[in-house]
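Worksheet: one structure, shown below.
Scope of the values below: all heavy atoms of this structure, side chains included, with no hydrogens, waters or symmetry mates. Throughout, protein chains are lettered first and strands after them, A, B, ... in sequence-line order, and every chain is numbered starting at 1.
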Number of protein chains: 2
Amino acid sequence: MSPFAIEILGSIAACITTLCWVPQALQIIRTRETRSISLTSQGAFAVGTALWFVYGVMIGSWPVMVANGLTLLLVGAIIALKLRYG
Amino acid sequence: MSPFAIEILGSIAACITTLCWVPQALQIIRTRETRSISLTSQGAFAVGTALWFVYGVMIGSWPVMVANGLTLLLVGAIIALKLRYG
């Protein structure tokens, strides 16, 4: 695989692991049902994603910042919905 | 921040975003309840994590391989539990 193709692969991976949380947020908005979602897991995921974002800032990597910043927004929304619907 | 401290920060972030799925898997095993978990999100997350793993192999990065390999196992378990309990 060429270095360019490898970076494309990484970019596709980053897009998918960021945007994959959209259907989860939409399902909660539609059903108002969050019981089986672990608040511990979502909270830890948010903390980890925030640390990835800071890491991205520290190494000056825009892809790491953007991917984790967006993921943090989506996971923040899922946590807010979880706290609202229980 | 020193380059060493920055790599420690990245390692902590990787550990948290990998291990954060353990409480979710344990909660499903305990409650047998998965209704509010989006299969679309979990499936897409698994695909994205698998691509991150391949990216790690391509760039020869052990941390990317290990973190995403473990995450894939945990998300695979959550998907298997979701398919079982519905």
Side-chain angles (χ1 to χ4, degrees), chain A residues 1-3 5-28 30-61 64 67-68 71 74-75 78 81-82 85-86, chain B residues 1-3 5-28 30-61 64 67-68 71 74-75 78 81-82 85-86:
Chain A
M1 240 175 155
S2 72
I6 292 171
E7 290 315 307
I8 293 289
L9 173 70
S11 305
I12 294 170
C15 287
I16 294 176
T17 54
T18 297
L19 298 176
C20 70
W21 303 113
V22 172
Q24 179 68 74
L26 292 178
Q27 177 173 318
I28 298 173
R30 201 173 61 241
T31 63
R32 301 182 181 194
E33 163 67 54
T34 61
R35 199 170 25 166
S36 46
I37 292 170
S38 163
L39 188 58
T40 310
S41 282
Q42 294 295 325
F45 190 51
V47 169
T49 305
L51 292 181
W52 271 122
F53 179 82
V54 175
Y55 177 77
V57 173
M58 292 293 175
I59 65 169
S61 166
V64 173
N68 286 286
T71 304
L74 287 165
V75 175
I78 290 168
L81 290 162
K82 166 80 183 169
Y85 297 125
Chain B
M1 241 174 153
S2 72
I6 291 171
E7 289 316 305
I8 294 289
L9 173 69
S11 306
I12 294 170
C15 286
I16 294 175
T17 52
T18 297
L19 298 176
C20 70
W21 304 112
V22 172
Q24 179 67 73
L26 292 178
Q27 177 174 317
I28 298 173
R30 203 174 59 242
T31 62
R32 300 182 183 192
E33 164 66 53
T34 61
R35 199 173 20 167
S36 46
I37 292 171
S38 162
L39 187 58
T40 310
S41 283
Q42 295 295 323
F45 189 51
V47 169
T49 305
L51 292 182
W52 272 121
F53 179 82
V54 175
Y55 177 76
V57 172
M58 292 294 175
I59 65 169
S61 166
V64 174
N68 286 286
T71 304
L74 287 165
V75 175
I78 290 168
L81 289 162
K82 166 81 183 168
Y85 296 125

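Top candidate by heavy-atom pairs under 4.5 Å with chain A, chosen from B:E7, B:Q27, B:Q42, is B:Q27. Contacts with chain A were tallied for B:I16, B:I37, B:T31; B:I37 has the most, counting heavy-atom pairs under 4.5 Å. Among the candidates A:A5, A:A44, A:S36, the residue making the largest number of heavy-atom pairs closer than 4.5 Å to chain B is A:S36. Your options are A:A46, A:C20, A:G48, and the one with the most heavy-atom pairs under 4.5 Å with chain B is A:C20.
Counting only distance, with no hydrogens or angles, the side chain of A:K82 and the backbone of A:L39 share no donor-acceptor pair below 3.5 Å. The backbone N or O of A:G86 sits less than 3.5 Å from a side-chain atom of A:T34, completing a donor-acceptor pair.
In this structure, no portion of B:V64 lies under 4.5 Å from any heavy atom of chain A. The parts of A:T49 that come within reach of chain B are both its backbone and its side chain, each placing non-hydrogen atoms under 4.5 angstrom from that chain. Both the backbone and the side chain of A:M58 come within contact range of chain B, with heavy atoms under 4.5 Å apart. For chain A, the nearby parts of B:A14 are the backbone and the side chain; heavy atoms of each come within less than 4.5 Å.
Annotation: side chain of B:T17 is not in contact with side chain of B:T71 (no heavy-atom distance under 4.5 Å).
Ring planes of B:F45 and A:W21: tilted class, angle from 30 to 60°.
Rounding to the nearest 0.5 Å places CD1 of A:I59 at 8.5 Å from CD1 of B:I6.
Scanning both residues, B:N68 and B:F53, for their nearest heavy atoms gives CB-N, 4.0 Å.
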